[in-house]
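Here the structure is laid out as structure tokens; the discussion comes afterwards.
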Amino acid sequence: KGEMMDLQHGSLFLHTAKIVSSKDYCVSAGSKLVVVTAGARQQEGESRLNLVQRNVNIFKHIIPDIVKYSPDCILLIVSNPVDILTYVAWKLSGLPMHRVIGSGCNLDSARFRYLMGERLGIHSSSCHGWVIGEHGDSSVPVWSGMNVAGVNLKELHPEIGTDKDKENWKKVHRDVVDSAYEVIKLKGYTSWAIGMSVADMAETLMKNLRRIHPVSTMVKNFYGITDEVFLSLPSVLDNHGISNVVKMTLKSDEEAKLQQSATTLWSIQKDLKF
């Protein structure tokens with residue numbers, strides 16, 4: 001109720017007609033888009049994967065009620081570990097997979113582009129780079145696709161992202177992976193960046209913009225992955241959910257890391273009870 005009142009008091013500054021809150025899911029009836037952020041909070045030093053069973057138990061109560069009142073909605077999952085919980089939400093909801101989306105690496109890619117821009121002295125919107133795979137410790141930076149104004153950085157600097165790289169670009173990805181842990185250590189939780197990232201995806205979905213976001217989706221049969229896991233790949237979002245997944249041309253080491261990411265998630269997912 002407190003959150004609702006605080007937002008209501010700012011409604012003059014928003015383009016939102018009505019702000020409500022309730023413990024009863026009927027207030028969400030007929031939603032086009034439902035964003036799920038509920039879950040136990042990641043503790044300092046805790047990996048996203050450690051959170052998993054605690055949050056699966058919470059989802060068992062949430063997801064069926066959401067779908068009961070909004071059977072035609074798109075579900076956007078933000079709770080961590082987001083890839084596994086998107087799979088759980090898909091299973092619990094019975095919705096088609098194109099309507100169950102995880103926020104995935106949308107934020108990781110934004111962090112990556114910000115750090116790339118800081119290094120190059122260029123605004124992040126003009127720095128193009130993708131982080132795919134798990135939203136977490138096994139995420140995969142696509143070094144082969146990094147570019148500024150169509151100039152491919154790997155062609156300019158073939159050792160980018162490798163151990164031989166004198167410019168140590170690997171640190172950029174390490175900083176992406178460590179950034180949430182660092183923010184949690186400093187302020188106790190992350191909020192602004194993930195909030196802006198989710199608002200960006202929500203805008204694409206609600207306005208049918210067909211922009212491409214690296215979001216968590218079913219990757220079985222992509223890049224030799226054989227398990228039913230959700231990982232981030234560049235996906236076209238519209239007002240029906242995910243309309244297409246872009247098949248990136250990956251180098252063999254990038255593909256191997258993506259497969260490793262899938263194996264890591266499946267090893268935990270296969271033992272979940274829900």
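Hydrogens, waters and symmetry mates are skipped; everything else that's a heavy atom, side chains included, is used.
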Does the side chain of [X] reach to within under 4.5 Å of the side chain of [Y], using non-hydrogen atoms?
X    : Y    : value
T37  : I194 : no
L85  : F59  : yes
V20  : K18  : yes
L258 : L250 : yes
E203 : R211 : yes
M146 : M116 : yes
S243 : R210 : yes
E167 : H157 : yes

Locate the shortest heavy-atom distance separating [X] from [Y]; write the atom from each residue and the value.
X    : Y    : answer
V131 : C105 : O-CB, 3.1 Å
V100 : L95  : CG2-CB, 3.8 Å
S144 : N152 : O-ND2, 2.9 Å
L76  : G102 : CD1-C, 4.3 Å
S109 : G129 : CB-O, 4.3 Å
N57  : H61  : O-CD2, 3.2 Å

Could you grab the distance from atom [atom1] of [X] to atom [atom2] of [Y], nearest 0.5 Å is fine?
X    : Y    : atom1 : atom2 : result
S261 : I132 : OG    : CD1   : 8.5 Å
D108 : E134 : CG    : CD    : 9.0 Å
I160 : K154 : CD1   : NZ    : 7.5 Å
E182 : K187 : CD    : NZ    : 13.0 Å
E255 : T249 : CD    : OG1   : 10.0 Å
Y181 : E44  : OH    : CD    : 12.0 Å

For [X], I'd like to know if atom [atom1] has over 12 heavy atoms of other residues, nucleotides or ligands within 6.0 Å.
X    : atom1 : answer
K247 : NZ    : yes
D24  : CG    : yes
K171 : NZ    : no

List, one per line, each side-chain donor-acceptor pair under 3.5 Å for residues 217-224, sequence neighbours excluded.
from : atom 1 : to   : atom 2 : distance (Å)
Y223 : OH     : M248 : N      : 2.8
Y223 : OH     : M248 : O      : 2.8

Under 3.5 Å, is there a donor-acceptor pair linking the side chains of [X] and [Y]?
X    : Y    : answer
S138 : Q260 : no
Y114 : D175 : no
S139 : H173 : yes
S216 : D83  : yes
T204 : H213 : yes

[X] side chain to [Y] backbone, donor-acceptor under 3.5 Å:
X    : Y    : result
N239 : M206 : no
R111 : S179 : no
S70  : S28  : yes
S93  : A89  : yes
N106 : V215 : no
R113 : C127 : yes
N55  : N80  : yes
S31  : L33  : no

Item to check | Trace of the side chain to side chain contact (heavy atoms under 4.5 Å, CB included) decision for I77 with I101 | outcome: CA-CA 6 Å; I77 309 299; I101 305 166; over 6 Å; no

Checklist entry - Yes or no on side chain to side chain contact (heavy atoms under 4.5 Å, CB included) for L237 and N208, after CA distance, side-chain angles and deciding distance? => result CA-CA 7 Å; L237 302 186; N208 197 28; over 6 Å; no

Membership question, hydrophobic clusters at under 4.5 Å side-chain separation (ILVMFWY): are [Y] and [X] in the same one?
X    : Y    : value
V34  : V27  : no
V82  : I268 : yes
V52  : I184 : no
V198 : L209 : no
L75  : L272 : yes

Item to check | side chain to side chain contact (heavy atoms under 4.5 Å, CB included) partner of S79, chosen from V36, I84, I58 | outcome: V36

Checklist entry - In this structure, which one of V140, I212, V246, L233 forms a side chain to side chain contact (heavy atoms under 4.5 Å, CB included) with W130? => result I212

Next on the checklist: Assess the residue pair I122 and V148 against the criterion (side chain to side chain contact (heavy atoms under 4.5 Å, CB included)); give the C-alpha distance rounded to whole Å, side-chain angles, the decisive distance to 0.1 Å, and a yes or no.
Outcome noted: CA-CA 9 Å; I122 295 167; V148 174; 3.9 Å; yes

Checklist entry - Less than 4.0 Å between a side-chain N and a carboxylate O, is that true for D165 and K170? => result no

Checklist entry - Aromatic ring centroids of F112 and W169 under 6.0 Å? => result no

Item to check | Whether F230 and W90 hold their rings parallel, tilted or perpendicular, with breakpoints at 30° and 60° | outcome: tilted

Item to check | All side chain to side chain donor-acceptor pair (under 3.5 Å) counterparts of S125, not counting sequence neighbours | outcome: H123

Next on the checklist: Run E254 and W143 through side chain to side chain contact (heavy atoms under 4.5 Å, CB included) and show every step you take.
Outcome noted: CA-CA 8 Å; E254 293 163 345; W143 300 111; 4.1 Å; yes

